[in-house]
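Read through the structure below, which is laid out as structure tokens, and then see the notes.
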Protein chains: 2
Amino acid sequence: MRDYVGLLKENGLKVTFQRMNILETIEKNGHMSVEDIYDEVIKVHPSISLATIYKNIILMVEKAVLVEVPISGRKPKYELAKMDHIHLVCTECGDVADKPCMDEAGKVFLALTDAERFVLNKRQVNLYGVCASCQEAVAP
Amino acid sequence: MRDYVGLLKENGLKVTFQRMNILETIEKNGHMSVEDIYDEVIKVHPSISLATIYKNIILMVEKAVLVEVPISGRKPKYELAKMDHIHLVCTECGDVADKPCMDEAGKVFLALTDAERFVLNKRQVNLYGVCASCQEAVAP
DNA sequence: CTGGTTGCAAAATTTTTGCACTGGT
DNA sequence: ACCAGTGCAAAAATTTTGCAACCAG
């Protein structure tokens with residue numbers, strides 16, 4: 001598990017049980033919507049309020065501790081900030097998997113935006129399809 | 001202007017003024033949120049209701065006439081279905097520009113998902129940064 | 001201590017739904 | 001004439017806000 005205490009302090013955020021639980025839940029599950037996070041965190045911290053989840057997600061996204069992953073046709077999900085990667089989004093179950101290897105594509109994107117006089121800050125690649133386990137479910 | 005009458009009929013949708021206005025507005029403006037569309041369409045069709053906008057967007061996305069473009073930190077936008085392209089999203093003004101050239105990246109993505117036993121259906125690339133005109137606004 | 005943080009309840013916003021009426025085909 | 005489509009108003013769902021109590025530093 002990562003050093004969330006340090007991560008929060010670096011960003012001028014106090015270390016509360018709520019925040020620790022949010023971060024640990026997201027680490028464990030990978031990609032979660034606000035509702036997903038609430039449903040999980042409330043199991044270990046029954047008194048937490050949805051407003052607290054919202055406030056903290058907004059705050060942690062601002063501080064770049066979390067990253068919003070917008071997804072076509074669904075609520076956005078949130079993940080821990082990490083090395084550049086792309087997302088494999090299953091259109092059946094909604095699950096999101098990370099895939100490293102932004103490097104090859106990275107060069108292409110830089111060339112593209114240079115020509116455009118566009119200052120590139122962040123890249124976001126979603127590949128939509130059907131994941132291995134959903135393929136099995138359809139054709140066992 | 002495209003043949004929206006044909007496009008709607010092909011998809012089993014009746015040709016109404018509301019739908020024509022929605023499609024023409026999106027063609028003219030490129031990428032629009034639900035609210036954007038409503039604000040524009042109401043100018044030429046004052047009696048249209050927001051519910052009609054919602055119902056039609058949902059319907060036309062199902063029929064793949066429109067495509068939802070989810071954007072980090074903002075409401076999703078909608079565009080006409082068109083050839084594969086990437087999005088340059090300005091984090092200052094929120095504007096979205098299309099850029100063709102999915103080909104180079106396309107190969108990379110296919111190789112990636114093949115290895116994963118992931119059936120790739122749709123690709124969505126957002127590059128976030130500051131567009132040329134917002135750069136000028138900051139440093140004139 | 002003390003300012004940031006929480007939880008609650010209320011407000012604001014956004015999206016969906018039901019239904020009578022309208023208008024395309 | 002039939003039934004998809006519209007508009008309205010109400011309901012549901014989502015997100016934000018204000019504030020008193022609380023607690024990490």
Side-chain angles (χ1 to χ4, degrees), chain A residues 3-26 32-63 65-66 68-78 94, chain B residues 3-26 32-63 65-66 68-78 94:
Chain A
D3 172 27
Y4 294 126
V5 174
L7 185 60
L8 289 171
K9 286 187 175 170
E10 283 167 27
N11 286 285
L13 301 176
K14 287 189 175 171
V15 179
T16 64
F17 289 113
Q18 290 83 341
R19 284 173 183 164
M20 290 301 284
N21 285 328
I22 291 173
L23 289 170
E24 286 165 12
T25 300
I26 296 178
M32 308 180 79
S33 68
V34 173
E35 197 67 30
D36 292 340
I37 296 168
Y38 180 65
D39 290 345
E40 275 307 305
V41 173
I42 206 172
K43 290 179 188 169
V44 310
H45 193 308
S47 68
I48 201 171
S49 84
L50 191 51
T52 298
I53 305 276
Y54 273 106
K55 286 169 184 168
N56 278 312
I57 287 178
I58 292 170
L59 206 55
M60 289 165 121
V61 167
E62 275 174 5
K63 301 289 188 181
V65 170
L66 294 181
E68 185 189 319
V69 183
I71 298 173
S72 207
R74 297 184 186 262
K75 294 263 149 69
K77 300 195 176 192
Y78 298 86
Chain B
D3 172 28
Y4 294 126
V5 174
L7 185 59
L8 290 170
K9 286 187 174 170
E10 282 167 28
N11 287 285
L13 300 176
K14 287 188 177 173
V15 179
T16 64
F17 289 114
Q18 290 83 343
R19 283 173 184 165
M20 290 301 284
N21 286 329
I22 291 172
L23 289 170
E24 286 165 12
T25 301
I26 296 178
M32 308 179 80
S33 67
V34 173
E35 197 67 29
D36 293 339
I37 296 168
Y38 180 65
D39 291 345
E40 276 307 305
V41 173
I42 206 172
K43 290 179 187 168
V44 309
H45 194 309
S47 69
I48 202 172
S49 82
L50 191 50
T52 297
I53 306 275
Y54 273 106
K55 286 170 184 167
N56 277 312
I57 287 178
I58 292 170
L59 206 55
M60 290 164 121
V61 168
E62 274 173 6
K63 301 289 188 181
V65 171
L66 294 182
E68 185 188 321
V69 182
I71 298 173
S72 206
R74 297 185 187 261
K75 294 263 150 71
K77 300 194 176 193
Y78 297 86

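Proteins get letters first, then strands, A, B, ... in listed order; numbering begins at 1 in each.
- C:dG24 atom P lies 12 Å from atom CG of B:N21, rounded to whole Å.
- Distance B:I53 CD1 to C:dT16 C1': 15 Å, rounded to the nearest Å.
- For the pair A:Q18 and C:dG7, the criterion of a side-chain N or O lying under 4.0 Å from OP1 or OP2 is met.
- B:N11 places its CG atom 17 Å from the C1' atom of C:dT25, with the value rounded to the nearest Å.
- Straight-line distance from the CG atom of B:N56 to the P atom of D:dA4: 14 Å, rounded to whole Å.
- Put simply, B:R19 has no side-chain N or O that comes within less than 4.0 Å of OP1 or OP2 on C:dG24.
- Rounding to whole angstrom units, CG of residue B:L8 and P of C:dG23 are separated by 18 Å.
- Remark: B:S33 OG to B:I53 CD1 distance equals 10.5 Å, nearest 0.5 Å.
- At least one donor-acceptor pair closer than 3.5 Å links the side chain of A:K77 to the backbone N or O of A:G94.
- A residue-by-residue look at A:V34 and B:G12 shows that B:G12 has its nearest nucleotide of DNA chain D further toward the 5' end.
- Protein atom CE of A:M20 is 13 Å distant from nucleotide atom P of C:dT6, rounded to whole Å.
- Distances were taken from every side-chain heavy atom of A:K75 (C-beta onward) to each of C:dT14, C:dG7, D:dT15; the shortest belongs to D:dT15.
- Using a 4.0 Å heavy-atom distance criterion, A:E35 is classed as making no nucleic acid contact.
- The two residues B:S72 and A:P70 come nearest to each other via the heavy atoms N-CG, 3.5 Å.
- A close approach under 4.0 Å does not occur between any side-chain nitrogen or oxygen of B:Y54 and OP1 or OP2 of C:dT16.
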Table please: side-chain donor-acceptor pairs of residues 12-22 of chain A below 3.5 Å, with sequence neighbours left out.
unit_1, atom_1, unit_2, atom_2, d
A:T16, OG1, A:R19, N, 3.2
A:R19, NE, A:N56, OD1, 2.7
A:R19, NH1, A:K14, O, 3.0
A:R19, NH2, A:N56, OD1, 3.2
A:N21, ND2, A:F17, O, 3.1

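- Taking CG from A:D3 and CG from A:L8, the interatomic distance works out to 9.0 Å, rounded to the nearest 0.5 Å.
- For the atom pair CD1 (A:I57) and OH (A:Y38), the distance works out to 12.5 Å, reported to the nearest 0.5 Å.
- Residue B:S47 places at least one side-chain N or O under 4.0 Å from the OP1 or OP2 atom of D:dG7.
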Grab the N/O contacts between the protein and nucleotides 9-12 of chain C below 3.5 Å, and write none if there aren't any.
none

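- Under the side chain to side chain contact (heavy atoms under 4.5 Å, CB included) test applied with B:M60, the options B:L7, B:N11, B:L23 reduce to a single match, B:L23.
- Using a 4.5 Å cut-off on side-chain heavy atoms (C-beta onward), B:D36 and B:Y78 make no contact.
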Quiz item: Between B:E40 and B:M32, is a side-chain contact (heavy atoms from CB on, under 4.5 Å) present by the stated rule, with each step listed?
Solution: CA-CA 10 Å; B:E40 276 307 305; B:M32 308 179 80; 3.6 Å; yes
Quiz item: Using a cut-off of 4.0 Å between protein heavy atoms and nucleotide atoms, how would you tag nucleotides 19-25 of chain D 5' to 3' with B, S and -?
Solution: -----BS
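- Counting to the nearest Å, the P atom of C:dT5 and the NE2 atom of A:H45 are 15 Å from each other.
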Quiz prompt | side-chain contact (heavy atoms from CB on, under 4.5 Å) between A:Y54 and A:L50, intermediate numbers included | solution = CA-CA 6 Å; A:Y54 273 106; A:L50 191 51; 3.7 Å; yes
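- Taking atom OH of B:Y38 as the reference point, atom P of C:dT14 lies 13 Å away to the nearest angstrom.
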